[in-house]
Amino acid sequence: MNLNDTAKKKERAVLCGLAAASMDANERSTDESMDELAALVETAGGEVAGALLQQRAAPDPRSFIGGGKVAELKELIANADCDLAVFDNELTPSQMRVLGEELGVRVLDRSGLILDIFAQRARTREGKLQVELAQYEYLLPRLTGMWTHLVRQTASGGSSPIGTRGPGETQLETDRRHIRRRIQKLREELEQVRKVRSVQRRRRERNAMPVVAIVGYTNAGKSTLLNRLTGSSIEANDRLFDTLDTTTRRLKLDEAQEVLLSDTVGFIRKLPTHLVEAFKATLEELQYADVLLHVADITSPDLDVQTEVVDELIEKLGAGQTPRLMVYNKCDRFLGELPHGEDVVCISARTGEGAQELVGKIAGILGRRSRRVRLALPYARSGILDTLRREAAVLEVEYTEDGVECEAVVKPELWGLVRNYVSEDEPEN
């Protein structure tokens with residue numbers, strides 16, 4: 001076997017999950033969450049060689065799954081020639097250390113695996129900053145078990161190899177200090193990103209450009225939908241977490257109105273808290289969106305759980321009150337009865353079926369908030385035009401002998417200001 005073949009060899013992983021009665025329902029492993037974990041391993045570039053799902057009353061404080069299951073897992077690892085054990089649940093730093101020692105392979109939990117995928121996928125500087133921050137915050141409490149190959153004891157406490165003696169400080173403490181400094185630096189840089197986004201957002205608001213954010217479970221078809229609606233050619237693959245960096249494109253709803261359509265990172269059950277926190281710079285866009293499109297894969301056997309996960313994260317990110325359309329994707333492949341309702345749309349992002357209905361419903365929601373009007377302003381009240389330029393979308397202006405005629409898309413809060421100047425031939429919607 002040459003070096004190239006070695007480099008291409010996929011890491012083999014064995015999966016392990018625990019469904020304990022003492023756990024919250026959303027923390028327990030299920031057949032579906034284990035299938036999802038297998039997809040995550042493949043997304044990270046690995047190969048699944050086996051899986052083990054353990055049932056017990058409560059997690060074992062020392063080894064999480066108990067001594068008997070650890071022995072069974074070790075045998076499975078040896079038989080399948082695995083390099084890695086991946087747990088579907090979050091492990092404590094001490095459990096990870098114990099399992100690593102007893103199994104003799106690297107041990108990852110679900111959070112660590114997702115962070116690894118995010119690190120592979122981040123493309124923009126902002127995305128890389130967010131992932132690095134999340135990784136360091138995940139790593140900090142787990143350092144103790146990661147430096148067993150280094151000599152931590154310095155000259156003040158015993159013998160040390162030449163060159164490793166220090167001023168009475170352990171390697172572990174040095175690493176912790178370095179990581180804490182790096183975390184602080186990353187937070188400062190991400191705060192600058194937020195400030196830039198805030199300026200961009202204010203500029204959009206002045207231009208009266210509504211924002212429609214696409215949210216949903218990972219691999220639900222969000223990027224395909226963005227491409228379908230805007231005619232873009234953003235890469236959209238059938239794999240988890242294909243989009244990490246927010247992509248924004250313009251979408252023309254009708255002759256009167258354009259919106260900014262933003263694709264966001266996909267959600268997933270048991271999403272690491274560090275990631276939610278780190279990605280707030282991106283995900284806070286949801287708070288300022290005018291409409292959310294919650295895209296769900298209607299063909300998924302786990303549809304209800306996935307929908308609930310996304311709804312909970314939307315609430316956690318402070319966007320629970322934002323008008324929302326439930327967009328069921330892949331309806332061309334669904335054989336059952338399709339959902340329906342005022343704020344429900346069934347589409348196929350792949351074929352375009354239902355796309356026009358979706359655009360119409362977006363326009364309808366925004367229409368509840370804004371209206372297009374033609375105004376005849378006397379010169380004495382021409383200052384209203386300056387207000388409209390700041391706080392509305394002015395489409396056309398014409399100066400006449402009697403005053404200023406203009407066409408604008410006006411928000412409800414400005415309606416009282418312009419109501420008396422609406423041209424008689426312009427319907428008030």
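What you see is a predicted model, and the numbers here were worked out from it, not measured in a lab.
- The side-chain contact (heavy atoms from CB on, under 4.5 Å) test applied to E342 returns R368, not counting sequence neighbours.
- Looking only at side-chain heavy atoms (C-beta outward), L261 and T230 come within less than 4.5 Å of each other.
- Using a cutoff of 4.0 Å between basic side-chain nitrogens and carboxylate oxygens, D263 and K222 are not scored as salt-bridged.
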- Kindly indicate, with the supporting measurements, whether the criterion side-chain contact (heavy atoms from CB on, under 4.5 Å) is fulfilled by D290 and V212. CA-CA 6 Å; D290 297 278; V212 177; 5.8 Å; no
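- For the residue pair L103 and A85, the shortest heavy atom distance occurs at CD1-CB, 4.0 Å.
- At a threshold of 4.0 Å, the pair E308-R269 does not count as salt-bridged, since none of the basic side-chain nitrogens sits closer than that to a carboxylate oxygen.
- In this structure Y328 satisfies the side chain to side chain donor-acceptor pair (under 3.5 Å) test with no other residue, sequence neighbours excluded.
- Considering all non-hydrogen atoms of both residues, A289 and A213 come closest at CB-CB, 4.0 Å.
- Judged by distance alone, the side chain of R28 and the main-chain N or O of A21 form a donor-acceptor pair under 3.5 Å.
- Applying the side-chain contact (heavy atoms from CB on, under 4.5 Å) criterion to E396, with sequence neighbours excluded, gives R374, E407.
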- Message: L140 vs I179, test: side-chain contact (heavy atoms from CB on, under 4.5 Å). Steps then yes/no.
- Response: CA-CA 7 Å; L140 191 58; I179 287 177; 3.8 Å; yes
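- With contacts defined as side-chain heavy-atom distances shorter than 4.5 Å, the pair R250/V259 does not qualify.
- Note that CG of D311 and CD of Q306 are 12.0 Å apart. Values are rounded to the nearest 0.5 Å.
- For the pair Q130 and V193, the minimum side-chain heavy-atom distance is 4.5 Å or more.
- No more than 12 heavy-atom neighbours from other residues, nucleotides or ligands sit within 6.0 angstrom of CD on Q321.
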Review item, side-chain donor-acceptor pairs of residues 44-59, under 3.5 Å, at least two apart:
{"residue": "Q54", "atom": "NE2", "partner": "I65", "partner atom": "O", "Å": "3.0"}
{"residue": "R56", "atom": "NE", "partner": "A58", "partner atom": "O", "Å": "2.6"}
{"residue": "R56", "atom": "NH1", "partner": "I65", "partner atom": "O", "Å": "3.2"}

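- Put simply, the side chain of Y217 reaches to within 4.5 Å of the side chain of E36, judged on heavy atoms.
- Listed by first and then second residue, the side-chain hydrogen bond (donor to acceptor under 3.5 Å, both in side chains) pairs that reach into residues 58-73 are D60-S63, R62-E102, K69-E72, sequence neighbours excluded.
- Across all their heavy atoms, I365 and P323 have their closest contact at CG2-CB, 3.8 Å.
- With sequence neighbours excluded, no residue forms a salt bridge (charged side-chain N to carboxylate O under 4.0 Å, His left out) with E75.
- Of the inter-residue distances, the one linking R187 atom CZ with L190 atom CG reads 10.0 Å to the nearest 0.5 angstrom.
- Qualifying side-chain contact (heavy atoms from CB on, under 4.5 Å) partners for V418, counting only residues two or more places apart in sequence or in other chains: L375, I384, L388, V410, W415.
- Under a 3.5 Å cut-off, the side chain of Q95 and the backbone N or O of T92 do form a donor-acceptor pair.
- Between I362 atom CD1 and L292 atom CG the span is 11.0 Å, to the nearest 0.5 Å.
- Two residues are said to be in side-chain contact when any heavy atoms from C-beta on lie closer than 4.5 Å; L99 and F87 meet this criterion.
- In this structure, the side chains of Y138 and D109 come closer than 4.5 Å at one or more pairs of heavy atoms.
- Here side-chain hydrogen bond (donor to acceptor under 3.5 Å, both in side chains) pairs that include residues 81-91, with residues two or more places apart or in two chains, are S29-D88, S29-N89, S33-D88, D88-R110, D88-K270, E90-S111.
- Put simply, the side chain of D343 never gets that close to the backbone of L325: no donor and acceptor are under 3.5 Å apart.
- Q120 has its side chain out of reach of T43: every pair of non-hydrogen atoms, C-beta onward, lies at least 4.5 Å apart.
- G216 approaches H294 most closely through the heavy-atom pair CA-CD2, 4.2 Å.
- Once rounded to the nearest 0.5 Å, the distance linking CG of L108 with CG of L91 reads 9.5 Å.
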- Message: I'd like to know whether E312 forms a side-chain contact (heavy atoms from CB on, under 4.5 Å) with E315, so could you lay out the CA-CA distance, the side-chain angles of the two residues, the decisive distance to 0.1 Å, and finally the verdict.
- Response: CA-CA 5 Å; E312 285 175 2; E315 289 287 341; 5.7 Å; no
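- Looking only at distances, a side-chain donor or acceptor of N329 sits under 3.5 Å from a matching main-chain atom of A349.
- The side chain to side chain donor-acceptor pair (under 3.5 Å) search around E42 returns none, not counting sequence neighbours.
- Two residues are said to be in side-chain contact when any heavy atoms from C-beta on lie closer than 4.5 Å; I77 and L84 fail this criterion.
- Between the CG atom of L338 and the CD1 atom of I347 there is a distance of 12.0 Å, given to the nearest 0.5 Å.
- Minimum heavy-atom separation, R333 to T299: CB-CG2, 4.0 Å.
- Among residues two or more places apart in sequence or in another chain, the side chain to side chain donor-acceptor pair (under 3.5 Å) test is passed with Y136 by none.
- Within the structure, side-chain hydrogen bond (donor to acceptor under 3.5 Å, both in side chains) pairs that include any residue of residues 349-358 comprise D332-R350, S348-T351 (at least two apart or interchain).
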- Message: Working note: S300 + D302, criterion side-chain hydrogen bond (donor to acceptor under 3.5 Å, both in side chains); need CA distance, chi angles, decisive distance, verdict.
- Response: CA-CA 5 Å; S300 170; D302 232 7; 5.9 Å; no
- Item | From CA spacing to verdict: side-chain contact (heavy atoms from CB on, under 4.5 Å), V86, V14 | CA-CA 6 Å; V86 184; V14 65; over 6 Å; no
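- Expressed to the nearest 0.5 Å, how far CG of L385 lies from OH of Y421 amounts to 13.0 Å.
- Taking T322 as the reference, nothing meets the side chain to side chain donor-acceptor pair (under 3.5 Å) condition, with sequence neighbours excluded.
- Closest non-hydrogen pair, S262 versus V211, comes out as OG-CG1, 4.5 Å.
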